[in-house]
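What follows is one structure encoded as structure tokens, with my remarks underneath.
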There are 2 protein chains.
Amino acid sequence: MDGLKTPFKGIISDVKGRLACYKQDWTEACYGLRILAPTAYIFFASALPVIAFGEQLSRETDGSLSTVETLASTALCGIIHSIFGGQPLLILGVAEPTVIMYTYLYNFSKGRPDLGRELFLAWAGWVCVWTALMLFLLAIFNACTIITRFTRIAGELFGMLICVLFMQEAIKGVVSEFSIPKAEDPKEEKYQFQWLYTNGLLAVIFSFGVLYTALKSRGSRSWPYGTGWLRSFIADYGVPLMVVLWTALSYVVPGKIPSGVPRRLFCPLPWDAESLYHWTVIKDMGKVPVTYILIAIIPAVMIAGLYFFDHSVASQMAQQKEYNLKNPSAYHYDMLLLGAMTLLCGVLGLPPSNGVLPQSPMHTRSLAVLKRQLIRKKMVKSAKECIKRQASNSEIYGQMEAVFIEMDTSQTNNSVDKELENLKEAVMKREDGGDENGKFDPEKHIDAHLPVRVNEQRGSNLLQSALVGAAVCVIPVIRMIPTSVLWGYFAYMAIDSLPGNQFWERLLLLFITPGRRFKVLAGVHASFVETVPFKYIASFTLFQLAYFLVCFGITWIPIAGILFPLPFFILISIREHILPKFFSQQHLHELDAAEYEESAGVPMRSGSLSCRDTDETMDEDVSSQEILDEMTTRRGELKFRSVSISERHHQVFPDQS
Amino acid sequence: MDGLKTPFKGIISDVKGRLACYKQDWTEACYGLRILAPTAYIFFASALPVIAFGEQLSRETDGSLSTVETLASTALCGIIHSIFGGQPLLILGVAEPTVIMYTYLYNFSKGRPDLGRELFLAWAGWVCVWTALMLFLLAIFNACTIITRFTRIAGELFGMLICVLFMQEAIKGVVSEFSIPKAEDPKEEKYQFQWLYTNGLLAVIFSFGVLYTALKSRGSRSWPYGTGWLRSFIADYGVPLMVVLWTALSYVVPGKIPSGVPRRLFCPLPWDAESLYHWTVIKDMGKVPVTYILIAIIPAVMIAGLYFFDHSVASQMAQQKEYNLKNPSAYHYDMLLLGAMTLLCGVLGLPPSNGVLPQSPMHTRSLAVLKRQLIRKKMVKSAKECIKRQASNSEIYGQMEAVFIEMDTSQTNNSVDKELENLKEAVMKREDGGDENGKFDPEKHIDAHLPVRVNEQRGSNLLQSALVGAAVCVIPVIRMIPTSVLWGYFAYMAIDSLPGNQFWERLLLLFITPGRRFKVLAGVHASFVETVPFKYIASFTLFQLAYFLVCFGITWIPIAGILFPLPFFILISIREHILPKFFSQQHLHELDAAEYEESAGVPMRSGSLSCRDTDETMDEDVSSQEILDEMTTRRGELKFRSVSISERHHQVFPDQS
């Protein structure tokens, strides 16, 4: 709580830090072509969910808000953030928590005669005003220093909740295709039983088709077939491609079927009266009764809490240590800016945007220039040669540095020293220790400390936000997408988010009989599997599951459901004060680890292939994107692949750690 | 051609050999419960395709033959073979080649005014008469001695043709669900456009549903989840279960849909006039004009060739060396009996049955009593202990024999010596050699020579055939299956047959860029990948592909298509005389190997897990069925997992081979 004594301290230091590299942020972007691929990649990754959330919001709010507004908010906030924001790697967008909160807000105001559907946006504007105020306070009083208390348990529980809500939305969506939408005329031809049923069956086919093909294309990077370019293309753009493909397929239904089957997205055009109303929401805000203005504080607390959490975590994930970013972070200043943007969205009648996962770390990753595999090979080779001829550690480091400089084609060579700092330390430290255990092991240490270069600039974020803005103009094209394709996409988002979620992985572990656990150990597995006894894993997971069911239950309560973020805030103090009474510190540290650590089940033996004589050249065609994919969870976290403990026992020079 | 000089030699020796164990074949079966599980397993594995082929035949012959006849033929021939047959492990059934030949026969006779639909079965009866005659001659003149000339290339080409024909049937089937069957009244309600389209959409859903769930359940044995019993149950009965499940789901369509949507199997009841006609086919055979009786020789040559090939190969696969069968083979006698059964089916107007793949080797496998994993562990352990205390090889073998006898609970202990013969030889041989290279390596040699016990008897085959016969009586239940479920099942049969087909695997290999071939080497892979240069693999595969396209093309020719087995017979002499001119003997031997050999990419390290200290007991819960699954291709062949060549180089005691 030291933050309270020094208001503005964080913001000022953030602003100073970012100002120093602001010009460079733009000059770097001007190198041009290199940022185009990441821009396109992030645009699709961020526009698709925003469209899906728009459709969801449109159904939940009877059309008060729709895809037009979610796209507009995402574009507006994205452009503001990419120009004025502290951390330009952070991607903003309307996210699922916002959609859920707005759904509660709508249901609340619909039920009050003195608010009603008419004043919903005006009242939501007041919620945004309060939210902005709270975000300002959080920023001013340096609250972002406490984000380290948001441990894995709360984050993964929240991720799981979003996943289940996505799945619920997908199922509800497909089921709804079999019935007549409430606002429609049941006498229309397309709502006669036979066409209704046809619509439903088509929805089943399209949604499962999208789900299956999207999941398959997601893993294309590691296919053995096809050229690297093709595989990368499918992996990067497969999901939007599948949406396009299934949309195209939806147009091959025979002409005898009445129009409106299959159903397609419904959203007003941006130049329709409904959309234009948003410019005048601010005038209606005065009409909201004072009681409701005060009541708005309750949802505002929830939203502020959610945004504080989400925005910081997304920002943190975009700036993970392993990316070796050169420019400083700006959590406090970005929180202030988020407040300002929330205020702006509120008065414009738009749902606010915040930092999104997994797009933010995806953005950083797509900008990473990683010749890791290649550099690594050469460095290990030179290090091994040095060791063979009994060179000193300084010589070894010198040699490796030379290789690194030779291989690195980036313009700014002067920062090499800084980037290799960790590696240097690792090599040199061993000099002093001198005992066998501390001996420098090239394979291990180079892997852990090898730098990644990220092209830090504001161009890609600005461009992709502008593209999202442009998408508002192509709403007529977006309206061609069948709703069932979106339900499939929701299911895809749900399933795709599960691998890498340790809560999910531990749940699965509970279904493995003791005799089959060797299967887990034989594959790549989270390291807690080896270090924590099963009964503690099981009880920790069951506690988390019970807590999860409570959280999920709350979302079903009609109006009090708005308090659904509350258990997450409570969980943070449960984690700090109650859990340590039931679990040992060490186990808790492993189960609720800050970093995603996994062990390779079978030792990697890439070397054994290259030393063989074959007719073919065996150049390993592994793109850096693929390595990054393997190193990254679906949430965008970097994983640490450590040597399996059982392997460590077999090593000649076991490590102390 | 020595066989011509000694007619009946093969048959007499077969009969003598089998008579000696005939009584035992029945007494072994009386141990009862042990054969029930294999019986049920084989019944489902053999009845489902027969039902599917029946429906296919019914469509192709406008109902002249249907599921009633295919089931009846399978049951009749199965019962005869299980009682009088030489090799009771061989499973008989109506197979796809028979269905294709009968389709050509029908199309031919339909087009001749003096045969027509009426005399089709009578004429087919004559074809069977000629076929039977040729099979008799083949049996009498010991033709089965040449089956070793049927190498992998012809067998896999034929397997691929069947696979493609299955897929074609599945696609044709699903497409046909969108249109009105030719013989039906297009005015019926269920054939109005909206219901026709609904029927088509339901067909897409059901067939993909069956395909996906059947493929998934097939692999359940290696799931990490669930108990071993459940996993085995799903793996063994998953496919029939899925057929039942999707059939049940087809009944939840709303009541407003007219009956007949979705379409269900159409076959007459066994007591309908159409089915009863078959008993009088023999009377019509006299009405067939003499010219057509003579023309019948041409298809008879084709069918005899196909049956000779199929029956022998199925029988061979059911008696692979690695199963360590105690009773002798009976190829010649079984061929004679097949002729007799073909004759019987012909005069009864039934399509004949022959030995089927993969059911025959599946049958042997399901009867194998394999405590391999358990025995192996103990034997390796005891052998290693002996080696540690410098015991002689005779001591080592004695110790291992003791463990084997202790673990083996079967009644006939007197045959242990014979079964362990190979192992004994392997251990003892090393004694003489004495040099480092020939040293006895427990891990390797025990694995290669460990015996499998097969419960050889006639009970399971008789029982499953009787069950197929009983299925004729439950035709009303079978008629509940939607046709679309069968199309999905055809697609499943096609896809399920591909893994393990080296032709297919080599085709896939062509799509892997050189830089990615390490992926193949890293996984379990066929050994030719390491031993034959890629350009030879590619040219061999391209030749095979071109030849395959010719064969597939022939099946499309209206009446001459009946000659489709011809290229396969020709291929055998191409393989013998022409291919050796283009490929070296060694490469040809690897690419067209008699045995399925594969190399493990990554060395197995099961030992490293068990030597660790953990809280849990790490008993490896691997059922013997699972190991057998892994050791067997989808066609039922046993694989040989050798040590990868790259690994051999690293071994301390490299093998000479």
Side-chain angles (χ1 to χ4, degrees), chain A residues 178 192-195 197-198 201-202 204-205 208-209 212 222-228 231 253-254 256-257 508-509 511-523 530 533-535 601-603 605-606 608-612 614-622 644-647 649-650, chain B residues 178 192-195 197-198 201-202 204-205 208-209 212 222-228 231 253-254 256-257 508-509 511-523 530 533-535 601-603 605-606 608-612 614-622 644-647 649-650:
Chain A
F178 283 93
Q192 297 318 299
F193 172 73
Q194 67 270 36
W195 298 124
Y197 196 67
T198 302
L201 292 180
L202 284 173
V204 170
I205 293 173
F208 275 91
Y212 185 77
S222 57
W223 291 349
Y225 311 110
T227 61
R231 280 181 282 113
V253 296
K256 285 190 201 171
I257 291 178
L508 290 183
L509 203 60
F511 289 93
I512 300 178
T513 55
R516 300 283 283 186
R517 281 187 209 130
F518 77 94
K519 282 238 165 194
V520 178
L521 292 171
E530 289 187 20
F534 185 74
K535 63 176 177 179
V602 181
R605 315 210 139 225
S606 58
S608 65
L609 279 177
S610 46
C611 66
R612 285 184 44 228
T614 45
D615 292 354
E616 284 81 50
T617 49
M618 295 293 296
D619 270 329
E620 298 190 2
D621 169 21
V622 183
S644 154
I645 287 191
S646 54
E647 283 303 311
H649 286 201
H650 293 248
Chain B
F178 283 95
Q192 296 318 300
F193 172 74
Q194 66 271 32
W195 299 124
Y197 196 67
T198 302
L201 293 180
L202 283 173
V204 170
I205 293 172
F208 276 90
Y212 185 77
S222 57
W223 290 349
Y225 311 109
T227 62
R231 279 182 283 112
V253 296
K256 284 189 202 173
I257 290 178
L508 291 183
L509 202 62
F511 289 93
I512 301 178
T513 55
R516 299 285 281 188
R517 283 189 205 127
F518 77 93
K519 282 238 164 191
V520 178
L521 292 171
E530 288 187 21
F534 184 74
K535 62 177 177 179
V602 182
R605 318 211 137 223
S606 59
S608 66
L609 279 175
S610 45
C611 66
R612 286 182 43 226
T614 45
D615 291 356
E616 285 83 47
T617 50
M618 295 295 293
D619 270 328
E620 298 190 0
D621 168 23
V622 182
S644 154
I645 288 192
S646 55
E647 283 304 311
H649 287 202
H650 292 247

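Here is how names work: the chains are called A, B, and so on, in the same order as the sequence lines, proteins then strands, and each is numbered from 1.
The greatest number of non-hydrogen atom pairs below 4.5 Å with chain A, out of B/Val204, B/Leu509, B/Ile257, is found for B/Ile257.
A distance of 14.0 Å separates OH in B/Tyr197 from OH in A/Tyr197, rounded to the nearest 0.5 Å. Atom CG of residue B/Leu201 and atom CD1 of residue A/Ile205 lie 4.5 Å apart, to the nearest 0.5 angstrom.
Here B/Tyr212 and A/Tyr212 bring their ring centres to under 6.0 angstrom of each other.
Listed by chain and residue number, nothing satisfies the ring-ring contact (aromatic ring centres under 6.0 Å, His included) test with B/Phe511 (two or more places apart in sequence, or in another chain). With sequence neighbours excluded, no residue forms a ring-ring contact (aromatic ring centres under 6.0 Å, His included) with B/Tyr225.
Taking a 6.0 Å sphere around CZ of B/Phe208, one finds it holds 12 or fewer heavy atoms contributed by other residues, nucleotides or ligands.
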